[in-house]
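This report refers to the structure that appears directly beneath it.
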Amino acid sequence: MKATSALDSSVDSWDGGDKEPLKASYGKMMMWFFILSDALTFSGFLTAYGLMRFKFSDTWPIADQVFNHFPFMHGDHPMYFVALMTFVLIFSSVTMVLAVDAGHRQDKKKVTSYMFLTIIGGLLFLGSQAWEWKNFIGGNLGAIQMNDGKIIQFVNADGKQIALTSFAKTGPIDRVNHERGNGLWYTSGEDLPEVSLAQVLDGFKENTSLTVRIEKIDPVTGDKIILDRAQATRFLAASKRVVYGANLRVNEYGNTQFADFFFFITGFHGFHVLSGIIINIIIFVNVLLGTYEKRKSYEMVEKAALYWHFVDLVWVFVFTFFYLI
Amino acid sequence: MTTHAHESHTGRIWKVFGILSLITIIEVFFGIWKPGFLMSPWLSPFEGGFFGAIGNFILGIFIYIKPLNFFFIALTVVKAYYIVWFFMHMSEETKGLRRAVVWTSIFLIVYLTALLLIEGSYVGDAISPYVKWDY
């Protein structure tokens, strides 16, 4: 390469012309370095999650007790749904790499159909993630928050967590949801939970087989500690309110940070999936229009594929650190 | 633009898909099974000054984390390798580009992880005695 190449009139195009440092085109190499920087961003988030997890290692929520839903099935099914999501994303990665492979052979028809399948896979994944969020935010069994913020869950004699509604005393409720119209200024209260704290406490008093599970993890068994009745009653005396589901301030699964990081990291990843789908759609339309056929190169498909595989790569790590470990 | 003819890699793509699926199935299987012998560290920390510290450093993965978690992280790295090398075609890039991307990320991520996890466990040890668990 000549030292004066920057002044060479043949390379004044924005993409570096025919110059290919490291034998990769300008666009592809920049995509690699973008991916590198994005990988460092994600690692920043995941290690911050790790810091909080190590900080609260004696109380951190157990993923199997949080993510245990499967569509059209009741009961406790940890892992299966997220494994399905992982398969969907890996499979859409496979169709993407098949599209790249077909592009190398200038096979427009195959590129079209594989790109289409990739987009469908991405949409399926995004829908699954929305469903996962819905369950996480809505919650299912409910819990009690104590005055100092700790979460108490209720378990039956077998040590299995049960719903607040299954034992709380029901009766006439005189609570009214605080609405904007009745408030000072324009404030409105949170939605009322299905049961009140008093009803839960009354129900607990009557069902003597019940006890509670606290956030603290038994270092020997690795499970959350289940208290005996006498201790449970003392804990419940310091309880503040009923909690359903998760948001950025409180969640029924335990430590608030857990929900914060879940929303932030899976949300940021989901945003990457969304932008990946949009990029794939743009490339797909261009494939249909024959842009790359005229250019005699499907390299744009390769660049979009790099990004799409990166999204899959990040999910592999999110899957491990949020669900497995 | 590259003009040389490309042979199809379809066979290799499906093989990699098979490997990734198999690893995911193994992960899910162990994630549900949680075998007892993998749930607590195999070794306890060495005592005794300098050599103890060296031993703890070298054998740290068997002392400070559950073998199951180490197993999961190892499988994840294997999956990442297959995705980057064969789906993103890193194996076909030049050595310079490969090292610029892979070595940079691995070095920085390992460094950041080490610092933050050490800090996190220190802060955890420092505050946990002050958390009230008796009422």
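Chain letters run A, B, ... following the sequence lines, proteins first, then strands; residues in each count from 1.
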Looking only at B/V16, B/V84, B/L97, most heavy-atom pairs under 4.5 Å shared with chain A are made by B/L97
Hey, are the side chains of B/F87 and A/M96 touching, using non-hydrogen atoms and a 4.5 Å cut-off? no
Open item on the list: Contact between A/D148 and B/Y135 at the side-chain level, heavy atoms closer than 4.5 Å - yes or no?
Closed with: yes
Here the pair of heavy atoms bringing A/P78 nearest to B/I32 is O-CD1, 4.2 Å
Okay, A/F235 and chain B: the region with an atom under 4.5 Å from a heavy atom over there is both
Might you work through the side chain to side chain contact (heavy atoms under 4.5 Å, CB included) test for A/L36 and B/T104, ending with a clear yes or no?
CA-CA 8 Å; A/L36 172 63; B/T104 309; 4.1 Å; yes
Hey, are the side chains of A/K55 and B/Y122 touching, using non-hydrogen atoms and a 4.5 Å cut-off?
-> no
When the 4.5 angstrom heavy-atom criterion is applied to A/F310 and chain B, the contacting part is both
In terms of heavy-atom contacts, A/D101 and B/H9 come closest through OD1-N, 3.1 Å
I'd like to know if the side chain of A/T320 reaches the main chain of B/I73, judged simply by a donor and an acceptor atom lying under 3.5 Å from each other, with no hydrogens or angles considered. no
Walk me through it: do B/V131 and A/K150 pass the test side chain to side chain contact (heavy atoms under 4.5 Å, CB included)? CA-CA 10 Å; B/V131 179; A/K150 294 191 190 78; 3.8 Å; yes
Q | Note, B/E93 side chain near A/L22 side chain (heavy atom, < 4.5 Å) | A | no
Considering only NZ, NE, NH1 and NH2 on the basic side and carboxylate oxygens on the acidic side, decide whether B/D134 and A/R234 come within less than 4.0 Å.
-> no
Value for CG (A/L227) from CH2 (B/W133), rounded to nearest 0.5 Å, stands at 9.5 Å
### Task
Any chance you could lay out the side chain to side chain contact (heavy atoms under 4.5 Å, CB included) test for A/L306 and B/H89, step after step, and finish with the verdict?
CA-CA 9 Å; A/L306 279 182; B/H89 300 296; over 6 Å; no
Here the gap from B/T113 atom OG1 to A/L51 atom CG, rounded to the nearest 0.5 Å, amounts to 11.0 Å
Checklist entry - How about A/L313 and B/Y82: do any of their side-chain heavy atoms sit closer than 4.5 Å? => result no
Whatever's closer than 4.5 Å to a heavy atom in chain B on A/L46 counts as neither
### Message
Would you say that B/V123 contacts A/F54 through its side chain, given a criterion of any heavy-atom pair below 4.5 Å between the two side chains?
### Response
no
Okay, B/L75 and chain A: the region with an atom under 4.5 Å from a heavy atom over there is neither
Under 4.5 Å to a heavy atom of chain B? For A/T86 that would be side chain
_Backbone of A/I325 reached by a side-chain donor or acceptor of B/N69 within 3.5 Å_ = no
Test item: B/I13 and A/L98 side chains (from C-beta on) under 4.5 Å apart, heavy atoms
yes
inquiry  = Tell me whether A/H309 contacts the main-chain N or O of B/M88 through its side chain, where contact means a donor paired with an acceptor under 3.5 Å.
reply    = no
When every non-hydrogen atom of B/A80 is compared with those of A/F317, the smallest separation belongs to CB-CE1, 3.8 Å
Bottom line for B/A100: the part with an atom under 4.5 Å from chain A's heavy atoms is both
Of all heavy-atom pairs linking B/V28 and A/A83, the shortest is CG2-CB, 3.4 Å
Honestly, the part of B/F86 sitting under 4.5 Å from a heavy atom of chain A is backbone
* Asked: In terms of the angle between their ring planes, are A/F91 and B/F17 parallel, tilted or perpendicular, with boundaries placed at 30° and 60°?
  -> perpendicular
Honestly, the part of B/L117 sitting under 4.5 Å from a heavy atom of chain A is both
When the 4.5 angstrom heavy-atom criterion is applied to B/V102 and chain A, the contacting part is neither
When the 4.5 angstrom heavy-atom criterion is applied to B/K34 and chain A, the contacting part is side chain
Margin query: Using side chain to side chain contact (heavy atoms under 4.5 Å, CB included), reason through B/I25 and A/F87 one step at a time and then give a plain yes or no.
Written below: CA-CA 10 Å; B/I25 290 169; A/F87 271 114; 3.7 Å; yes
